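Just so we're clear, the structure is a prediction, and the values are computed from it rather than from any experiment.
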Amino acid sequence: MIRLPAHAVQRLRPFYEGRRCLITGGAGFIGGHLADALLGLGASVAVIDDLSNAAPDHLAELVELEPERVRVVYASILDPDGLADAIDGADRVFHLAAVGSVQRSIEDPERAWLVNATGTLRVLQAARAAGSGRVVLAASSSAYGDTTQLPTPETVRPSPRSPYAASKVAAEQLLGAWSRTYGLSTVALRFFNIFGPRQQADSAYAAVVAAFAQRLLAGQRPLIYGDGSQSRDFTHVSNAVLAALLAGACSVPLAGEICNVAVGERTSVNELARLMARALHADGLEPIHEQRRPGDVQHSHADLTRTRELLGYQPCTTVAEGLEDTLRWYKQTLPAS
């Protein structure tokens, strides 16, 4: 389980203690960590997830440990009855359910749009009907495309390079429209390359940290698409959870604001491979480079000014600390060579 700073816990507990929250996609990587944190702050948590990209193991453990405070609805956010059941009584809605891969969206763009855009519309409608106090959306830094303005503020015009990015930008726009039209409180968090313990590694769509860990621990060379000079604002999952909790608890009226969530520094993919190989005592495993994939951006680097000012966000885990924490977990769970 991730640990939040003591000062953040002290600040957030009075707000969340006894509050009912819904996490869409709560069986997933970020959703599971957010559920842990909410329970630790004294909230009751409902989860809706169709398990299309997650396993039920962690949720089952939470239900067993906290049967009075955890409720799980195994359904899609596209299922009106399941969504209405899950959201009943929820004051805060953390909307994380999505087709969350650029490559998967390129292979099946209609599915990505249906879940990420239409699914968000249905969550907003359900939140409005249920009288929920706020919807917090997991948006994506992919909205910026190949912008040359680095670090990138939220004022940069979106330029999506993939169906996934386009669907997430559409979801952001829906939040703003529902706030302006119906008065629903909403906020979108543009997550930058989230990584951490429990992130799926055994998939063709695995994120880069998980994919590198699996190959290095198996004695295989990490695979890089492109020359490796591309850089990312790699962000440990604890930072994403902290930002989501701050967004849910923010006392300022919110009407579709967009906030970057990251660490605020760039690491090249080549450097990431070197750092991970060194940490796993696999320095001899030099990366294999393959052709750059469509939809991938060259650089991402967040300007965090708005998120600090609006939400009081300050990254709680550095890239180095996050990698140490994450690799410790992978060494315990992934088979080594």
Side-chain angles (χ1 to χ4, degrees), residues 16 18-36 38-39 43-101 104-105 108-139 163-164 167-168 170-179 181-188 244 248 256:
Y16 284 106
R19 196 173 294 267
R20 299 177 69 177
C21 302
L22 170 67
I23 307 173
T24 73
F29 161 52
I30 301 175
H33 285 292
L34 178 57
D36 290 342
L38 284 167
L39 290 170
S44 295
V45 176
V47 166
I48 182 169
D49 202 303
D50 64 2
L51 303 183
S52 60
N53 193 37
D57 302 9
H58 184 63
L59 282 183
E61 292 174 5
L62 293 181
V63 171
E64 186 175 346
L65 288 170
E66 297 281 0
E68 301 299 320
R69 293 199 292 138
V70 180
R71 190 166 67 91
V72 181
V73 176
Y74 293 109
S76 167
I77 58 171
L78 298 170
D79 172 8
D81 293 334
L83 186 54
D85 180 23
I87 208 168
D88 184 38
D91 180 63
R92 288 295 184 270
V93 177
F94 297 93
H95 178 31
L96 277 60
V99 172
S101 161
R104 187 180 277 126
S105 80
D108 192 351
E110 290 190 17
R111 176 67 181 169
W113 184 268
L114 185 62
V115 175
N116 298 353
T118 304
T120 297
L121 184 153
R122 294 188 181 177
V123 168
L124 290 168
Q125 284 291 75
R128 180 180 166 226
S132 301
R134 179 168 296 156
V135 176
V136 179
L137 170 71
Y164 167 75
S167 68
K168 297 300 276 186
E172 295 175 351
Q173 293 297 311
L174 286 167
L175 261 67
W178 257 246
S179 290
T181 304
Y182 304 111
L184 181 64
S185 180
T186 64
V187 59

>> Please enumerate all residues that pass ring pair (Phe, Tyr, Trp, His ring centres under 6.0 Å) together with Y16, with sequence neighbours excluded.
In response: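 Once residues adjacent in sequence are excluded, Y16 has no partner under the ring pair (Phe, Tyr, Trp, His ring centres under 6.0 Å) criterion.
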Using 0.5 Å steps for rounding, measure from the [atom1] atom of [X] to the [atom2] atom of [Y].
X    : Y    : atom1 : atom2 : result
S105 : R111 : OG    : CZ    : 13.0 Å
T24  : L22  : OG1   : CG    : 6.5 Å
D108 : L114 : CG    : CG    : 9.5 Å

Does [Y] offer a backbone N or O that forms a donor-acceptor pair with the side chain of [X] under 3.5 Å?
X    : Y    : answer
D49  : Y74  : no
K168 : A138 : yes
S76  : D50  : no

Donor-acceptor contacts, no H, no angles, side chain residues 121-129, under 3.5 Å, sequence neighbours left out:
from : atom 1 : to   : atom 2 : distance (Å)
R122 : NH1    : L78  : O      : 2.7
Q125 : OE1    : W178 : NE1    : 2.9

>> Once side-chain contact (heavy atoms from CB on, under 4.5 Å) is applied, do any residues pair with E66, and if so which ones, sequence neighbours excluded?
In response: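 Per chain and number, E66 pairs via side-chain contact (heavy atoms from CB on, under 4.5 Å) with R69, V70.
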>> Among residues at least two apart in sequence or on other chains, which ones pass side-chain contact (heavy atoms from CB on, under 4.5 Å) with A188?
In response: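 With neighbours one apart ignored, the set is L137, A139, E172, L175, I258.
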> Is it true that atom CZ of R134 has more than 12 heavy atoms of other residues, nucleotides or ligands lying nearer than 6.0 Å?
Replying inline: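 Correct, the count exceeds 12.
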>> Quick test of your reading of the model: are D91 and R19 salt-bridged, counting only N-O distances below 4.0 Å?
In response: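 Salt bridge: yes.
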Locate the shortest heavy-atom distance separating [X] from [Y]; write the atom from each residue and the value.
X   : Y   : answer
G25 : A97 : N-CB, 3.6 Å
A27 : A54 : O-CB, 3.3 Å
D79 : A75 : OD2-CB, 3.8 Å
D88 : R20 : O-NH2, 3.6 Å
G26 : L59 : O-CD2, 3.8 Å
A90 : C21 : CB-C, 4.2 Å

> Among all residues two or more places apart in sequence or in another chain, which pass the side chain to side chain donor-acceptor pair (under 3.5 Å) test with S179?
Replying inline: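 Side chain to side chain donor-acceptor pair (under 3.5 Å) check on S179 returns T186.
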>> Suppose we screen for side chain to side chain donor-acceptor pair (under 3.5 Å). Which residues come up paired with R71, at least two apart in sequence or across chains?
In response: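 Partners of R71 under the side chain to side chain donor-acceptor pair (under 3.5 Å) test: D85.
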>> Between H95 and I23, does the side-chain contact (heavy atoms from CB on, under 4.5 Å) criterion hold? Intermediate values first, please.
In response: CA-CA 6 Å; H95 178 31; I23 307 173; over 6 Å; no
> Passes side-chain contact (heavy atoms from CB on, under 4.5 Å), V99 versus Y164? Steps please.
Replying inline: CA-CA 8 Å; V99 172; Y164 167 75; 5.8 Å; no
> Does any non-hydrogen side-chain atom of V72 lie less than 4.5 Å from one of I48?
Replying inline: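 No, side chains not in contact.
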> Would a 4.5 Å heavy-atom cut-off, applied to side chains only, mark V135 and S185 as touching?
Replying inline: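 They are not in contact (no side-chain heavy atoms under 4.5 Å apart), so the answer is no.
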>> For L65 and V63: C-alpha separation, side-chain torsions, deciding distance, then whether side-chain contact (heavy atoms from CB on, under 4.5 Å) applies.
In response: CA-CA 5 Å; L65 288 170; V63 171; over 6 Å; no
